[in-house]
Number of protein chains: 2
Amino acid sequence: MSNLPPTRDRLVAAAALLFQRKGYHGVGVAEILEASEAPKGSLYHHFPNGKSDLALAAAHFAAQETLRILDASFEDANTARDGITTFCYKLAKLFTLHDNWSGCPISSTLFESPSNQEFRLNTREIFQEWHEATKAHAIAKGAEPENADAMANALWMTLQGAWTMSRVRGTSDPIKQVPMLIFGS
Amino acid sequence: MSNLPPTRDRLVAAAALLFQRKGYHGVGVAEILEASEAPKGSLYHHFPNGKSDLALAAAHFAAQETLRILDASFEDANTARDGITTFCYKLAKLFTLHDNWSGCPISSTLFESPSNQEFRLNTREIFQEWHEATKAHAIAKGAEPENADAMANALWMTLQGAWTMSRVRGTSDPIKQVPMLIFGS
DNA sequence: ACATATCTAGACCGAATGGTCTAGTCGTGA
DNA sequence: TCACGACTAGACCATTCGGTCTAGATATGT
């Protein structure tokens, strides 16, 4: 257990990418296996519950990535608005890099059906984390707690919509519009 | 060809509903057939290309529904803001009616994979229609054309996000927040 | 050198997938 | 009454789905 074996990581990373682009049901296990160059046995060794376990892991992995981008965006920011603006532009760049098609990693992966309680719970949890992190960053940059909360709320709400609209239009422009929509021109 | 046979309509309506809740890949043809009480032969008679044709029809059907709700919302409105607010509340009610889970009918149905050009084109077209209709309504209620355009843009962007957040949180609250986010408290 | 636990490899499985096809039913106009 | 088009009915098909299983490779500790 010195360091995590690369196979598991490859599996998770490939799954995260594919789910983000095609949705949970849009990706077959075989496709993930091929993309990660992993044998089937390894999948079910690392994830006894198979695809759904892998999706959960992939979502959490992608959530961490996003959190890291958020942190980086606020690192050199002078104000909350600066941080959020940088964050949106970083996401826009990533979106373009992924052929103008990747969706929100969480909703793409975990929006399966109303009945899957576990997926819903994890989704809520991750969004809660994102919200808290954003709020904390905003406060650290001098925003009032109450204002920071509203700001985080507006960011994630608007960003979700912008993400969708970016896919619709095939352009990262909507994502870049987010700060303007939140803070006004 | 006096009036459309009910089978086709049932097929489309059932498909629209199911795709909205589970996504294109999340629904099987068999499930749609069962829900609409239609035999398989009818599906492939009315939609020679099968599932994908049906999805296109379902998306356009749902888009028309949405447009009708928009029209109704603006009917008795005094201002553009009024119309948009009513519209959001109507959608929120519908969302709650659908077990707090239905998504945007278009993106749920037509976000399939990067390669399906036809789906993407239709998606863009429908959103364009929604945008134009909203803009026209706003102008009819006295908004400046330029302002009306920005308003329509903000509405659909924010609404998309709110829709997603509503599913995440299992509450229609985010959808109800949209007017406040667009216009300020 | 050996024992043990971890991981890989892929053949294999039943179920479900979307789609095809042929036989037949039904309603309508000649 | 018959003929013809629209539509229904469901058996049937190849393929793919997610998942299981066993045999073996590989690494680690003794």
Closest-nucleotide 5' rank along DNA chain D - winner of A:Gly41 and A:Glu31
A:Glu31
Choose from D:dG18, C:dG19, D:dT8 the nucleotide whose nearest atom is closest to any side-chain atom of B:Thr7.
D:dT8
Roughly, in whole Å, what's the span from CZ in A:Arg8 to P in C:dT6?
14 Å
Decide whether a cation-pi geometry holds between A:Lys51 and A:Tyr24; the criteria are a distance under 6.0 Å from NZ or CZ to the six-membered ring centre and an angle within 45° of the ring axis.
yes
Length of the line joining A:Leu43:CG and C:dA11:P, which is rounded to integer Å:
17 Å
A:His25 NE2 to C:dA16 P, straight-line distance once rounded to whole Å:
15 Å
To the nearest Å, give me how far apart CG (B:Leu33) and P (D:dT8) are.
11 Å
Does C:dG19 have OP1 or OP2 sitting under 4.0 Å from an N or O in the side chain of B:Tyr44?
yes
Which nucleotide wins on minimum distance to the side chain of B:Val29, given the candidates D:dG19, D:dA9, C:dG18?
C:dG18
What are the two closest non-hydrogen atoms of A:Ala77 and A:Lys141, and how far apart are they?
O-NZ, 3.0 Å
Looking at B:Glu144, I'd like to know if its CD atom is crowded, meaning that more than 12 non-hydrogen atoms belonging to other residues, nucleotides or ligands lie closer than 6.0 Å.
no
Round to a whole Å and report the spacing from CG of B:Leu18 to P of C:dT17.
12 Å
Would you say A:Glu34 has more than 12 foreign heavy atoms packed within less than 6.0 Å of its CD?
no
Take A:Ser42 and B:Asn49, find for each the nucleotide of DNA chain C with the closest heavy atom, and name the residue whose nucleotide sits nearer the 5' end.
A:Ser42
Which heavy atom of B:Ala57 sits nearest a heavy atom of B:Phe47, and at what distance?
CB-CE2, 3.7 Å
In whole angstroms, the gap separating C1' of D:dT26 from NE2 of A:His45 amounts to 12 Å
Please confirm whether any donor atom in the side chain of B:Lys40 sits under 3.5 Å from an acceptor in the base of C:dG19, or the reverse.
yes
Please report, rounded to the nearest Å, how far the C1' atom of C:dT6 is from the CZ atom of A:Phe47.
15 Å
Specify the separation, in whole Å, of atom NE2 of B:His46 and atom C1' of D:dC7.
6 Å
